[in-house]
Amino acid sequence: LAIDEKRQGPESYSVARDLLDLSNLYAKLGRPAEALAAAQRSLSIEEKIQPPDSIEITVALEALSSRYFEAAQYQKAVNALRRAYAIAEKKFGPGHPETTEVLLLLSDAQMELGALAEARKNCEQAIALEKETFGPAHVRVGESLLRLANLDWRAGEKRAALEHALTSEEILRRQFIQVAPILSEREALHYETARASGVNLSISSLLALAGETRRQTISKVWDEIIRSRALVLGEMAARHAAFTTSAAPGIARQARDLAAARNR
């Protein structure tokens, strides 16, 4: 940042990008005031040097909304995201991934603000657009359905929360199974710890139900729990079993070569 300010001036594109990165870093370090100040300055620069409908302004607004969100200033986050959404929708169209991502962030902020009806409308709209763009079983749809399940939970719609959480978990589990074979063991383990999961919300929703409704859904929840448990260990075991149970000569060497290639 200091170098770019000296070489290109205090209100250049590079300085704006540096400030954006610095804002994210301050946020991770637990320094919210500095993170917010950096994001505000970044947006101020972009507004001076970019056209009013540029994607750079959208990115800066998203970052600023994150800082407001972290500071529990949800109305300011909503205001920033509404502006970002208007730019993204005009620039890319309503079904573009960037546009739907802003719409989902807006839904998150509205949920925290307590505007559940608006949050649901935007979340459902984003899911419909993602299904149309990517297909109903895409990982982005799974992650968005988990957002919708959390909205259901906040609104007291426990049955809907359960159904959306289970559908989300099924999509995300299947996506992991598709991706796992090309990951190294270290990558697969990291992926499993970082991936979104609807299992916990499914269990919470089940416990909030009663009577016949609970009895009808217990088996669904248990089925998804069993299928989602130990995904990484199952993948690793399958790899090793294929190598250790084969009597064909040269398999061990080929297995080592494969492992090395995956790791690379």
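Between S168 and L146, the shortest heavy-atom distance links the atoms OG-CB, 3.4 Å. What you find for Y74 and F69 is that their closest heavy atoms are CE2-O, 3.6 Å. Minimum interatomic distance between L209 and T213 (heavy atoms only, all atoms of both residues): CD1-CG2, 3.9 Å. Listed here is the closest heavy atom pair of G135 and V141: O-CG2, 3.5 Å. Closest approach of A161 and W153 over heavy atoms only: CB-N, 3.9 Å. Listed here is the closest heavy atom pair of A63 and L20: CB-CD1, 3.2 Å.
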Steps toward side-chain contact (heavy atoms from CB on, under 4.5 Å) verdict (I55, T58): CA-CA 5 Å; I55 189 58; T58 300; 3.8 Å; yes
Step-by-step side-chain contact (heavy atoms from CB on, under 4.5 Å) determination, L81 to V102: CA-CA 7 Å; L81 287 165; V102 177; 4.2 Å; yes
side-chain contact (heavy atoms from CB on, under 4.5 Å) assessment of L113 paired with Q73: CA-CA 9 Å; L113 191 61; Q73 298 182 40; over 6 Å; no
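Under the 4.5 Å side-chain criterion, counting only non-hydrogen atoms from C-beta, Q40 is in contact with Y68. Within the 4.5 Å cutoff, the side chain of M111 has heavy atoms near those of the L116 side chain. L106 is listed as a side-chain neighbour of V78, based on a closest heavy-atom distance under 4.5 Å. Here the side chains of I171 and H138 are not in contact, with every heavy-atom distance at 4.5 Å or above. Under the 4.5 Å side-chain criterion, counting only non-hydrogen atoms from C-beta, S202 is not in contact with L206. In this structure, the side chains of L201 and L162 stay at 4.5 Å or more apart for every pair of heavy atoms. I203 has its side chain within reach of I225: a pair of non-hydrogen atoms, C-beta onward, lies under 4.5 Å apart. Looking only at side-chain heavy atoms (C-beta outward), L151 and H164 stay at 4.5 Å or farther from each other.
For residues 210-222, the salt bridge (charged side-chain N to carboxylate O under 4.0 Å, His left out) pairs, not counting sequence neighbours, are E163-K220, E212-R215. The salt bridge (charged side-chain N to carboxylate O under 4.0 Å, His left out) analysis of residues 32-42, with sequence neighbours excluded, yields the pairs E5-R41, R31-E34. For residues 107-119, the salt bridge (charged side-chain N to carboxylate O under 4.0 Å, His left out) pairs, not counting sequence neighbours, are R82-E118, D108-R147, E112-R154.
Remark: L166 CG to E169 CD distance equals 8.5 Å, nearest 0.5 Å. Separation of atoms OG (S66) and CG (L61) is listed at 11.0 Å; rounding is to 0.5 Å. We find the OG-CG distance between S12 and D4 to be 6.0 Å, quoted to the nearest 0.5 Å. Here the straight-line distance linking atom CZ of R67 with atom CG of N24 works out to 5.0 Å at 0.5 Å rounding. To the nearest 0.5 Å, the span separating CD on E143 from CD on E130 amounts to 8.5 Å.
The salt bridge (Lys or Arg N to Asp or Glu O under 4.0 Å) with D152 is formed by just one residue from the set R120, R159, K158; it is R120.
Cluster membership for Y13 and L1, using ILVMFWY side-chain heavy atoms within less than 4.5 angstrom, is shared. V139 and L145 are not part of a single hydrophobic cluster, where members link through side-chain heavy atoms under 4.5 Å apart.
Contact check on D21 versus R17 returns no salt bridge, with no Lys/Arg side-chain nitrogen under 4.0 Å from an Asp/Glu carboxylate oxygen.
Judged by distance alone, the side chain of S23 and the main-chain N or O of L19 form no donor-acceptor pair under 3.5 Å. Judged by distance alone, the side chain of S107 and the main-chain N or O of L103 form no donor-acceptor pair under 3.5 Å. No donor-acceptor distance shorter than 3.5 angstrom exists from the side chain of S42 to the backbone of A39, with no hydrogens or angles considered.
Atom CD of E132 has 12 or fewer neighbouring heavy atoms from other residues, nucleotides or ligands inside a 6.0 Å radius. By the 6.0 Å contact criterion, CG on L29 is enclosed, its count of non-hydrogen atoms from other residues, nucleotides or ligands being greater than 12.
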Please list, one pair per line, the donor and acceptor atoms closer than 3.5 Å that link side chains of residues 43-51 to other protein atoms, with sequence neighbours excluded.
residue : atom : partner : partner atom : Å
E46     : OE1  : Q50     : NE2          : 3.3
E47     : OE2  : R83     : NH1          : 2.7
E47     : OE2  : R83     : NH2          : 2.8
K48     : NZ   : E11     : OE2          : 2.7

List, one per line, each side-chain donor-acceptor pair under 3.5 Å for residues 86-97, sequence neighbours excluded.
residue : atom : partner : partner atom : Å
E89     : OE2  : Y85     : OH           : 3.4
H96     : ND1  : E98     : N            : 3.0

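Every residue meeting the salt bridge (charged side-chain N to carboxylate O under 4.0 Å, His left out) condition with D223, not counting sequence neighbours, appears here in chain and number order: R227.
With hydrogens and angles left out, the side-chain atoms of R140 and T100 include a donor and acceptor closer than 3.5 Å.
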